[in-house]
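Please read all numbers here as calculations on a predicted model, not as lab measurements. Scope of the values below: all heavy atoms of this structure, side chains included, with no hydrogens, waters or symmetry mates.
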Amino acid sequence: MKKRVLFFVTAVCLFLTTILGSTKMVSAATTGELKTGDEIHGFKVKQTAYDSSTKSDEILFEHVKTGAKLLVIKNSDINRGFSIKFNTPADNDKGINHIIEHSVLGGSKKYPSSNIIFDVMNTTYVSYANAFTYQNMTMYPICSSNEKQLFKSADIYLDAVFNPLLLSDSRIFEREGFRNELKDAGSKLIYNGIVYSEMQGGLSSIEASAMINAKKAIFPDSNQGNISGGSPSDIPALTYQEVINTYKKNYHPSNSFMVLYGDVDYKAFLKMVNENYLSSYSKKEITIDRGTQKPFNKLSKKSYTVPAAAGTDTKNKSVIDLVFAINDMKELGMDNYIALSTAISLLNVENSSFKQALMESKIGESYSISLDATTYQPSLHFIANNANPAKSNDFYHLVMKELKKVVKKGLDTELIKSSLRSIEFQEALGNNQSSAVNKMMTASLFDNLIGNSIVDVNSYYRKLVNKLDERVLEKVIEKYIVKNKSAALTVTTPEAGLLEKNQEAAAKTLAEKKASMTKKEVSALVNRTAAFQEWNSKETPAAVLKSLRAVSLKDIEVELKDREIKETTVDGAHVLTANADVDKISSVSLGFDLSHLTPDELLYLRFYSDMIGNGMATTNRTESQVLNEIALKTNTISTAVSAIMDNKNGTSAHPVFIVDYYSFEDEYKDTFELVSDILLNSKITDIAGYGTRTIANVKADFKYQFAEPLNLALLRSTAYTSPLYRYSNYLNGLDYYKFILQLEKEIINNPAEVAKKITEIRTKAFNKNNLNILFAGDESAQSAFKSAITGLTGKLPDAQYGKAVYSLPKPAKREALAINSTVQYVLVNASLSESNVPQSGKGNVIMNMLNNLLLTPEIRLKGGAYGASAAIMDNNYIAYTYRDNNYVNSMKTIGATDEFLKALTSYMTEETLESYKLSTYAAESPSTNELTDAYMSLLYHMQGISLQDRINRLTEIKESGIADIDTYAGYMEKLNANQNYVIVASPSDIEGNKDMFDSIISLQ
């Protein structure tokens, strides 16, 4: 179980820990041997610094010959990382940069893999591999806990971006971007392409469309308003030559920025980069259009529509976005950027007077404020969701009126001061699994936006805190919002029936296009389609796969730390402790067993958790005091009603209420007092306010899930067979959504009765006798922690309850979810135990093979879906597709996994098998920090999973053999025979295959 920040302190703390959570001191001494001006392997040192949060020496190099920049972040983190970024503003809506991002990973001169990124992920010892297209930059990050593999992976990425096969093979562009397909003369003409499918899904939600529309409205004369990912209506107009021209313009060392992160020999790396790549280039002048928008003379007003299925309830379902264009980041400056970001975070806090005024207006159901600083010229959005479109002008006037009030009366800045403590928390916690990617991404963004990757952000923040009394926050609100003339008011409204009209129009266009073709043209396209699929079906040669690896499995040892788990009882509570070699800080998890609650009571308690997560006052503290103390004492607190397995096989489970937080050694008493006050004394009597606010946010979250429904499909499919996921589905899926809709009515009609019910359930839920406490920290701190426990248990009742007996709702075996989108999702599931399939690390190796050799080639590369994968998750086998365009064919491919494995045995070699074992091992043994590892050992213990069980699983991976492929062919035959599934698609696409489903549920 990973810690989930369901209890948000505020956006302020998130802002601090993700963007501002570093303290840099500029110092040449920290780098030891190097100082500014020194040269090594063709690179010159431009700047040095020390980052105390990651304990990193930072050295910014510039390649003398080309001007390429390379930032070394040198620290002890063994999860090493490399990334390369190019500045790539979007010139139009055709998605050129996005398609280039995909296409350069479609093979290179040195590594002619059919699809590098998936071959690397599935056959090498890497912990992370990806690529991103932002508005103005394209980034390629990759990580490995092995230095040799990191160097090899960096070489793979460098060859991909500088020597792609894309330059000589247009088929890569057609596969990744867009192509026409005709299977035979009698078939329908279709559009296909991975990015084309991806963006159909990416822009299918009204929220995504509204954001795009707002950008178009506020940047009408600027490239900052273009859709960097590409618009499905514009992608078909893109030509191969345009792609090549754009690639040649941007993909040059002079336009690049690289980051090398972790415990690495950076000198050897500089030598490799210079000799293998940069030395063959010369410096090139590349002009980047930052696309600054000229100020408006008056408020711009725009209205847009988005497609929705026939019968969709569109009343008051619009999105109103009041958007402002801020100054270019270079002109704005870091002082003003930090101040503006901080001010927006405070406005966005649920209990701020500004947010309360929006809620009371009833213009929409939920509201958000966001500063998009991924563009050269940031945009600031005030958004009303599920809004009445006729009240857009009212929304504008309300926002401006309340902002003027804020400027006059001032902001509550206490939270800013207390959240400074987050820096101390981050330094104590150290690096985690995501540190490499986060650091590389932050450095790349800063380089792109302001031309400086080493920014001492905390110095700006501390300076801001010291000047709060000078009303710096109020001043930036006045200057950059209230007096800002560059503003647009946009309304995006769903139109029922437009989805079907668009589908019919697209089908008609394709039919007319085919009808206009001559027999010769039809024949040529049929032949071209066949030739393309033949080329696209070729597997990566074994020699190429081997060339991607830098280490072999024999070089990797099974290394898991054996931690002594101590169990005791303190004042009726069950306490488990694990030692972590850390200073001062500890990880605490409180788990209340809820087996005595009924299903209905679980839903009410889940709602109580959500209310806490949105912020509540207690009988002893105001809401602001609660938020301030959380930031000061725990960094963040997360609460959740969840479930845990009763055994390591996952064949039974029970519900729990989880509270996770961090605490410093000298503050255990204080944190227990704070946590107990939040759990036991939050003011449920104010249900009308807190409940209404929470319901609005929950509904907004589900609205997003309805547009991106893969998680809902996963919950429902696994709930069919798994006791654990039946709880997850019940507490987080459509059952909870239906409960929320009913609860909304109950709160309106009888709030006192709802408050009484939740209060009674809270009293029943939190008892010392059903409490398990997990503590990970320094051994010397354990006695102090145990002594402080009575600060919590002393406030808990000592009641005894019998276990409730019930069965949770079980979804249909064959289910369809109808959504307002043309893209589709498939989720297939089967129980391992019900199919007599053992849980083994060998199964994960087989899943890797299926992903790389069957699902990705057939469903993504040939079929055009954005993603497809299979996995073993606890006691479940799952296979899914993501942003698909032909779920029937995808289901056929997934259903043929057993036949594929039977055929695979005959030509699989030990050497190729080694690659799949290697990548599986990397995924099963991620690097993590000391405290997290200790905490995870406690969770494993709670589930009955011993250290030897974990070692056995890794050993099973290493011992997988070719004979196991044939064994799993038999297992897959059983799993395919016992599968259940959930299909997500448009109503018309579901109707066309309605015999496939036992149940159809509309998410419109």
To the nearest 0.5 angstrom, please state how far the [atom1] atom of [X] sits from the [atom2] atom of [Y].
X      : Y       : atom1 : atom2 : answer
Phe219 : Gln135  : CZ    : CD    : 8.5 Å
Leu398 : Lys391  : CG    : NZ    : 11.0 Å
Arg883 : Ser821  : CZ    : OG    : 8.5 Å
Tyr725 : Leu731  : OH    : CG    : 13.5 Å
Asn820 : Ser1002 : CG    : OG    : 7.5 Å
Ile658 : Ser642  : CD1   : OG    : 6.5 Å

| message | Given Glu815, which partner from the list Lys810, Arg716, Lys994 fulfils the salt bridge (charged side-chain N to carboxylate O under 4.0 Å, His left out) test? | response | Arg716

Side-chain donor-acceptor pair present, [X], [Y], cut-off under 3.5 Å:
X      : Y      : result
Ser986 : Gln503 : yes
Ser624 : Asn351 : yes
Glu746 : Asn750 : no
Asn732 : Tyr727 : no
Thr721 : Asn876 : yes
Tyr608 : Arg762 : yes
Tyr367 : Lys355 : no
Lys703 : Asn386 : yes
Lys302 : Asn213 : no
Thr133 : Ser228 : no
Thr374 : Asp372 : yes
Glu708 : Tyr882 : yes
Asn393 : Lys301 : yes
Thr694 : Asn697 : no
Ser233 : Ser231 : yes

Between the side chain of [X] and the main-chain N/O of [Y], is any donor-acceptor distance below 3.5 Å?
X      : Y      : answer
Ser197 : Gly864 : yes
Ser352 : Leu347 : yes
Thr312 : Ala309 : yes
Asn348 : Ile369 : yes
Asp660 : Ser638 : no
Glu500 : Ala310 : yes
Ser361 : Leu358 : yes
Thr375 : Gln377 : yes
Glu601 : Thr598 : yes
Thr881 : Val826 : yes

State yes or no: are the ring centers of [X] and [Y] separated by less than 6.0 Å?
X      : Y      : result
Tyr880 : Tyr825 : no
Phe382 : Tyr396 : no
Tyr737 : Phe706 : yes

| field | Geometric class of the Tyr604/Phe739 ring pair [parallel <30°, tilted 30-60°, perpendicular >60°] | value | perpendicular

| Should the ring pair Tyr191 and Tyr196 be called parallel, tilted or perpendicular, given that the plane angle runs from 0 to 90° and is split at 30 and 60? | perpendicular

Does the side chain of [Y] come within less than 4.5 Å of [X]'s, by heavy atoms?
X       : Y      : answer
Ile859  : Ile894 : yes
His397  : Met400 : no
Leu1003 : Leu734 : yes
Tyr736  : Asn729 : no
Tyr866  : Ile194 : yes
Met873  : Leu714 : yes
Tyr981  : Lys813 : no
Asn614  : Met611 : no

| request: Walk me through it: do Thr718 and Leu724 pass the test side-chain contact (heavy atoms from CB on, under 4.5 Å)? | output: CA-CA 9 Å; Thr718 52; Leu724 176 66; over 6 Å; no

Sort out for me which residue in [options] forms a side chain to side chain contact (heavy atoms under 4.5 Å, CB included) with [X].
X      : options                        : value
Ser890 : Val828, Asp884, Asn885, Ile983 : Asp884
Met996 : Ile1000, Asp998, Asn993        : Asn993
Ser366 : Asn385, Ile695, Ile383         : Asn385

| note | For Ser353, the side-chain contact (heavy atoms from CB on, under 4.5 Å) test, sequence neighbours excluded, returns none

| field | Exercise: identify the closest heavy-atom pair between Ser209 and Val306 | value | CB-CG1, 3.5 Å

| query | What do the steps show when you test Phe607 against Ile740 for side-chain contact (heavy atoms from CB on, under 4.5 Å), and what is the final call? | reply | CA-CA 8 Å; Phe607 182 69; Ile740 286 296; 3.6 Å; yes

| Check ion pair Lys699-Glu744 (N to O, under 4.0 angstrom) | yes

| Any salt bridge between Arg693 and Glu623, counting N to O under 4.0 Å? | yes

| request: Verify side-chain contact (heavy atoms from CB on, under 4.5 Å) between Ile637 and Val659, making sure each step is shown before the conclusion. | output: CA-CA 7 Å; Ile637 295 177; Val659 184; 3.9 Å; yes

| message | Is it the case that over 12 heavy atoms from other parts of the model lie below 6.0 angstrom from the NZ atom of Lys315? | response | no

| Glu504 and Lys501: CA distance, side-chain angles, deciding distance, salt bridge (Lys or Arg N to Asp or Glu O under 4.0 Å) verdict | CA-CA 5 Å; Glu504 292 170 5; Lys501 290 179 182 178; over 6 Å; no

